[in-house]
Amino acid sequence: MTDNKIMNIAKKRGFLWSSFEIYSGSAGFFDYGPLGAILKNNIIEKWRDCFITREGFYEIESPTIMPEEALKASGHVDHFTDPMTECKDCMEVYRADHIIEGAIDKEVEGLEDQRLTEILSENQIRCPKCGGHLTHVWSYNLMFQTLIGTKGKKTGYMRPETAQGIFIPFKRLLRFFRGKLPFGVVQIGKAYRNEISPRQGVIRLREFTQAEAEIFVAPSMKNHPKFANFADDTLRLFSAENQLNKSGSKKTNAGKAVKDGTISSEILTYQLCLAARFLNDIGIPSDVIRFRQHLPTEMAHYAIDCWDVEVETDRFGWIEIIGIADRTDFDLKSHSIHSKEDLSVFIEYDEPRSITTLGVKPDMKKFGPSFKGAAPKILAAINDLDVSDIQTAFNKDGVFKLELEGNFYELSPDIISFEKHEEIIRGEKVIPHVIEPSYGIDRIIYSVLLHSYIENEDRTYLKLEKQIAPIGISVFPLVNKDDLVEIAHSIRDEFRNQGIIAEYDGSGTIGRRYARADEIGVPFAVTVDHETLENQTVTIRNRDDLKQVRVPIKDIYSVLINLINGRLEFENI
RNA sequence: GCGGUUGUAGUCUAGUCUGGUUAGGACUUGGGCCUUCCAAGCCUACGACCCGGGUUCAAAUCCCGGCAGCCGCACCA
């Protein structure tokens, strides 16, 4: 299995280690070793290049510990849980709602634990395995709880996603973006979920890294000005419909998917395309990627359309590495209600709209004396009424009877007239919708390693993209002669001065050194040989095809910098 | 969380059943020799019985508990 091989290399060569090993470890935690940490940084740098530099989004950083109120508002305190029940006899643990739905075919999602417990006993539902009695239902919350402050009065949680840290300072962000939609804000960082039983290596971690973008848009503006750039991209879509009728994924082009409504909006589709291009850029080819739409039943409570980007793996099958959701106004609305802050945006219409309304115009000279002290109250009351009700009453009875605090007042046409007035409306306040691409960095790193692994009769190597490979260049003396060693060292040092991570290796034979470099995906090797002493040239070896070219030492720095950043192809040296 | 199963250097493994000398080998890694381009060879060094308790004169080996890995079940807003 490639999984096995790549995880062995990852462990041996310092990409990934399970954490706390000398204390016998703890499931769901991984260390990034020396090469893993560089690889991760390089991938995150690529992501920043994609979302910040090219898309024009801005990054923020918020705390990983959040007070309870914030996560109460987001719904995580109450809903990021599973209702559990346990068989008293065989100790089997179940999801209570699944047991009930299986036993009595009734939709019980969202009911409280107490109610679920009652349903269990009312219907005499027993353990499906042994028929034993089930315990009362309890909520297992996947968040790590902690205490904030010395007195420990305030409950806090480790954040289960970075997204909330973006929603909460929305007012500040809106001001930063000078009040105009759309805008995008990203956050890269750790998130925490206390998984019940994480057992899939780096695929299900209790502490993991997310890179999320929250793109705030006007609800009515879900097109994308640059969509034309992506409209011809091919996407392999596995729509909800195709999942339900078991017809498999289908390749289609992005423009078509928007037109036929497979994907709910242009802007969501844009993010799908962006994800595909990003993955291609870091070395995950399109033929191992598909986009799977959430089924209506699995869609999170906050989303109206959600697509997982999945990568094919030999060990786990298709795994989700990115989720791209239209979260609508769910989060902002909820934070707005809980915090009592106005989290809406004033959206100006292209053209001001004028609307004509019919208003009540009392003749105050008569109105005041008629009602005396009650006049202000009556005035307020009629302003709240539907004008047409008064009109109808006038037409029918010639008078409108108003009941107010037990008193009746008669309004007649001689004191009330009607007036049309025109109002100019320049826009409206709306709570923005949020388009959220959420990248699971650890899973992406695993996918990159997995799909970079190449094994053939002659050798095994990691075909890491040159821009993300942890080590850019290996420098070798062909043989361990002092003069060659010395030159190799100085070349290595100069690469470092030029900002490239370079390593020297003089151990074993030249073949072994190439093999060692190949195993960790070093894209290029520079070899100092006998000819170097004669004419000041060295060879540059290309990892992927083993080809070598001879280049003067003075040129190798610019040549390799250009090779690594993609401005120069190896064949054109 | 439940059941099964397995834990010996960085990796793979012998030894465990049947307790007994200094835990053996291969690969890897470090140093050296050799070597003029793809894991060669030679010399040399470093490196291990998952943790804790118990039984015993003596435990890698037997027993109990824990932890971790793997497999199955369950779980994965």
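Naming convention: chains lettered A, B, ... in sequence-line order (proteins, then strands); numbering from 1 in each chain.
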Legend entry - Value in whole Å for how far the P atom of B:U11 lies from CZ of A:Arg13: 15 Å

Inset, instruction - Using both distances under 3.5 Å as the test, list the Watson-Crick or G-U wobble partner of B:G1, or none. - result: B:C73

Legend entry - N or O in side chain of A:Ser507 less than 4.0 angstrom from B:G30 OP1/OP2: yes

Inset, instruction - From the options B:A39, B:U36, B:C75, select the nucleotide whose nearest atom is closest to the side chain of A:Thr460. - result: B:A39

Legend entry - Whole-angstrom distance between B:U6 and B:U44, as gauged at atom P: 39 Å

Inset, instruction - Verify, without hydrogens or angle tests, whether A:Gln187 (side chain) and A:Ser62 (backbone) share a donor-acceptor contact under 3.5 angstrom. - result: yes

Inset, instruction - Find the distance A:Lys12:NZ to B:G10:P and express it as a whole number of Å. - result: 14 Å

Legend entry - Same-atom distance (P) from B:C12 to B:C50, integer angstrom: 14 Å

Legend entry - Closest-nucleotide 5' rank along RNA chain B - winner of A:Thr509 and A:Asp505: A:Asp505

Legend entry - Touch class at under 4.0 angstrom, heavy-atom based, for A:Arg459 against every strand present: nothing

Legend entry - Who pairs with B:G65 - Watson-Crick or G-U, where each distance is under 3.5 Å: B:C51

Inset, instruction - Indicate, with a heavy-atom threshold strictly under 4.0 Å, whether A:Asn480 touches base, sugar-phosphate, or nothing. - result: base

Inset, instruction - Please report the closest heavy-atom contact between A:Pro437 and A:Ile215, naming both atoms and the distance. - result: CD-CD1, 4.1 Å

Legend entry - A:Glu195 to A:Leu205 - nearest heavy-atom pair and separation: CG-O, 4.0 Å

Inset, instruction - Select one nucleotide: of B:C37, B:G31, B:U36, the one nearest the side-chain heavy atoms of A:Thr527. - result: B:C37

Legend entry - Interatomic distance at P, B:G47 relative to B:A39, whole Å: 30 Å

Inset, instruction - Could you tell me whether A:Thr539 contacts a base, only the sugar-phosphate backbone, or nothing, with contacts defined as non-hydrogen atoms closer than 4.0 Å? - result: base

Inset, instruction - Give the rounded distance in Å between these two atoms: CG of A:Asp518 and P of B:C37. - result: 18 Å

Legend entry - Atom-to-atom span, CD of A:Glu457 to C1' of B:C38 - whole angstrom: 15 Å

Legend entry - A:Thr155 and A:Gln145: side chain donor to acceptor below 3.5 Å: no

Legend entry - Base-pairing assignment for B:C17 (Watson-Crick or G-U wobble, both under 3.5 Å): none

Legend entry - Nearest-angstrom distance, C1' atom, B:U11 to B:U29: 11 Å

Inset, instruction - Tell me, please, whether A:Trp318 has A:Arg290 positioned over its six-membered ring: NZ or CZ under 6.0 Å from the ring centre and within 45 degrees of its axis? - result: yes

Legend entry - Integer angstrom distance from the C1' of B:G15 to that of B:U21: 15 Å

Inset, instruction - Would you tell me if any nitrogen or oxygen in the side chain of A:Arg512 comes within less than 4.0 Å of OP1 or OP2 on B:U28? - result: yes

Legend entry - Integer angstrom distance from the P of B:A59 to that of B:G19: 13 Å

Inset, instruction - Quick one: label A:Ser19 by what it contacts on the DNA or RNA (base, sugar-phosphate, nothing), any heavy atom closer than 4.0 Å. - result: nothing

Legend entry - For atom CD of A:Glu21 and atom C1' of B:A48, their distance in whole Å: 14 Å

Inset, instruction - May I ask you to say what A:Gln548 touches in the nucleic acid, namely base, sugar-phosphate or nothing, with a heavy-atom cut-off under 4.0 Å? - result: base

Inset, instruction - State whether A:Arg516 places a side-chain N or O below 4.0 Å from either non-bridging phosphate oxygen (OP1 or OP2) of B:U29. - result: yes

Inset, instruction - Write down the partner of B:G30 under the Watson-Crick or G-U wobble criteria, each distance required to be under 3.5 Å. - result: B:U44

Inset, instruction - Give one of base, sugar-phosphate or nothing for A:Arg315, where a contact means two heavy atoms less than 4.0 Å apart. - result: sugar-phosphate

Inset, instruction - Whole angstrom is fine here: how far is it from CZ in A:Phe30 over to P in B:G69? - result: 8 Å

Inset, instruction - Please name the pair of heavy atoms, one in A:Ile168 and one in A:Ala70, separated by the smallest distance, quoted to 0.1 Å. - result: CD1-CB, 3.6 Å

Inset, instruction - Find the distance A:Met7:CE to B:C70:C1' and express it as a whole number of Å. - result: 14 Å

Inset, instruction - With the side chain of A:Arg541 defined as its heavy atoms from C-beta on, choose the nearest nucleotide among B:C37, B:C38, B:U28. - result: B:C38

Inset, instruction - Could you give the distance separating B:A9 and B:A14 at their P atoms, to the nearest angstrom? - result: 12 Å

Inset, instruction - Say whether, by atom type as modelled, one donor and one acceptor occur between the side chain of A:Asp305 and the main chain of A:Ser264 under 3.5 angstrom. - result: yes

Inset, instruction - Round to a whole Å and report the spacing from NZ of A:Lys5 to P of B:C12. - result: 14 Å

Inset, instruction - Provide the Watson-Crick or G-U wobble partner of B:C12, both distances under 3.5 Å; none if there is no partner. - result: B:G25

Legend entry - Whole-angstrom distance between B:U16 and B:C62, as gauged at atom P: 10 Å

Inset, instruction - May I ask you to check if A:Arg543 and A:Tyr461 form a cation-pi contact, with NZ or CZ under 6.0 angstrom from the six-membered ring centre and within 45° of the axis? - result: no

Legend entry - 5' priority, RNA chain B, between A:Lys11 and A:Gly201 [closest heavy atom]: A:Lys11

